[in-house]
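Indexing begins at 1, ligand by ligand and atom by atom, following the structure's order. Computed over heavy atoms, backbone and side chain alike; hydrogens, waters and symmetry mates excluded. Starting from 1, each residue takes its place in the sequence as its number.
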Amino acid sequence: MISAEKIPNNVGLSSNKRLQRALEHWQPAYIQWWRDMGPQGFQDLHQVYVRTAVSVDPSGWAHFEYVKLPEYRWGIFLADPVHDRRIGFGDFFGREVWQEVPGEFRNQLRRLIVTQGDTEPASVEQQRWLGQRCPSLYDLRNLFQVNVEEGRHLWAMVYLLHSYFGRDGRDEAEELLARQSGNRDKPRILDAFNEPIDNWLDFFMFTMFTDRDGKSQLLSLSESSLDPLSRTTRFMLTEEAHHMFVGETGVSRIIERTCQLMKEAGFSEDVRKLGGIDLPTVQKFINLWFSLSLDLHGNEISTNAASYFANGLKGRAQEEKWDDHVVTEPVYELDVVAPASGGRLERKAVPMRTAMNEVLRDWYVGDCEAGVQRWNRVLERHGVSDRLRLPDRKFNRGIGMFSSLHFAPDGTHLSDDDWNRRKHEWLPTTQDREYLLSIMAEPVYEPGKFANYIAPPLRGINRMPIDFEYVRTEE
Ligand code: BYC
């Protein structure tokens, strides 16, 4: 239902005056944060054709209208409850799910919710200058759609903090607006969310790979025994799908245009001469964002992950697809770095529960792989023989057991010297970034026009034409 309340919601906020007051108190701080740290230059003068969730049923969460960004209806929406839902995994398997936070799991749950919550405003901060360099109005609108939904996802986590964690939760909610992406003194919690995203190739790779980590983490949280966490993340997942669409099709359209330019240049690979983005550069950005997003899954062997699983707090993606939901006996085999071996790997079996981060990473890698194969089909269709690929999981890791060593994209172990000599072949350099900024310097704000380095999409948003005025200045 469309709600006329100050904070749109389907959680009966008006019947819980204390919570309503707490959230109404947080709201102005949020809006101020959005104005300071959200899309720069697109606050009051522009109207954006966005999808707004007005309820969780299929007709309600795809409601399109023009809004000024600060007036977006950030609301609190939980997916409908599942009748007689039971805990799906871990030591409490089969018992009734919890509607309140059990005291003994309070800290762990708070930590999970804060970590998840922290990523949402972080991504808005990372992307706040992109509007000034957009390749089209269609893309500009997609950027803002992603941004407002990340803002709403922050609301979702803040709702949980305010509702179930009392004073601590309110303090954490304030901290979520105080940390800042890339800030030296108060950075965001997870590393990938402190990386700058100042060009559109970064943005599309981020929405392809990092939002896909969002998908895997949200899938695993949607299995949670804490029912409100499960219901809120389930609804967030419906919005997340569009973000990955933006990333995957964005890169796909760049590849499409690169192929066209390669043909124009007589199948030369040097499309930079024609203002395009060459495939080696695309590959470098895949290498960067895939490896950063692998890190977001945590350590390969983690007692935290084992404990989350045992307590039913955070599970695996699509738990119902597994046979054993308790997992006390099984082991997981993985390659570990043999001690003092100079990078030699050995196969080791560890209790499956301690490898839950790795299990989720497996799911994630498979999902990414399918996306890269779809990109390769564009190359195939154009008769271009180059192929894009995911780097080995050990490549460029900052978290986990491979972070102390260096590996090439094919998984070969490298000495520090070799790595320093060769890393520029595999990761974006300052020159690559300068080149990208040079071709993105002029934003394209004319309806139906696209920057030279990217092909138009196949169709518009919500069946609107491609040359629809997706973002308009106020008359
Ligand atoms: N960077 O035992 P471990 C999204 C720390 S994206 C920095 O593996 P655990 C989105 C860890 O904090 C999804 N530090 O840890 C996408 C711990 O530190 P302390 C976000 C890291 O607890 C796009 C230590 O290493 N959701 O939604 O299993 C746009 C031990 O590690 C990192 C979630 O993350 C890192 N990458 O951590 C917008 C879900 N990784 O306390 C949004 C909630 C680990 O020992 N979070 N550390 O000093 C979790 O499930 C877990 O916290 C982690 C793994 C998956 C992050």
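For Phe193, every heavy-atom contact with ligand 1 shorter than 4.0 Å involves the side chain, none the backbone.
With ring centers used as reference points, Trp426 lies 6.0 Å or more from Phe407. Aromatic ring centres of Trp155 and Tyr159: separated by at least 6.0 Å. Aromatic pair Phe204/Trp200: ring centres closer than 6.0 Å. Checked against the 6.0 Å centroid criterion, the rings of Phe105 and Trp98 qualify as a close aromatic pair. Taking the six-membered ring for Trp and the full ring otherwise, Tyr66 and Tyr49 have centroids separated by under 6.0 Å.
For the ligand labelled ligand 1, residue Arg111 lies inside the 4.0 Å heavy-atom shell.
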Starting from the C-alpha separation in whole Å, work towards a yes-or-no answer on side-chain hydrogen bond (donor to acceptor under 3.5 Å, both in side chains) for Glu223 and Ser230.
CA-CA 6 Å; Glu223 301 287 340; Ser230 161; over 6 Å; no
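Residue-ligand proximity, Asp295 to ligand 1, at heavy-atom distances under 4.0 Å covers atoms 36 (N), 40 (N). Near Asp191, meaning under 4.0 Å from any of its heavy atoms, are these atoms of ligand 1: 1 (N), 7 (C). Numbered from 1 in the order shown, with element, the atoms of ligand 1 that lie under 4.0 Å from a heavy atom of Ser123 read 29 (C), 38 (C). Counting the atoms of ligand 1 from 1 in the order shown, those under 4.0 Å from a heavy atom of Glu150 are 29 (C), 38 (C). Ligand-side atoms of ligand 1 in range of Phe206: 23 (C), 29 (C), range being under 4.0 angstrom from any heavy atom. Each of the following atoms of ligand 1 lies closer than 4.0 Å to a heavy atom of Ile189: 7 (C). Contact atoms of ligand 1 toward Asp213: 6 (S), 13 (C) (distance under 4.0 Å to a heavy atom of the residue). Counting the atoms of ligand 1 from 1 in the order shown, those under 4.0 Å from a heavy atom of Ser302 are 2 (O), 3 (P), 8 (O), 28 (O).
A cation-pi contact, defined as under 6.0 Å to the ring centre and within 45° of the axis, links Arg316 to Trp322.
Among all protein heavy atoms, the one lying closest to atom 55 (C) of ligand 1 is Leu296 O, 3.4 Å.
Within the 4.5 Å cutoff, no side-chain heavy atoms of Met244 are placed close to those of Met208.
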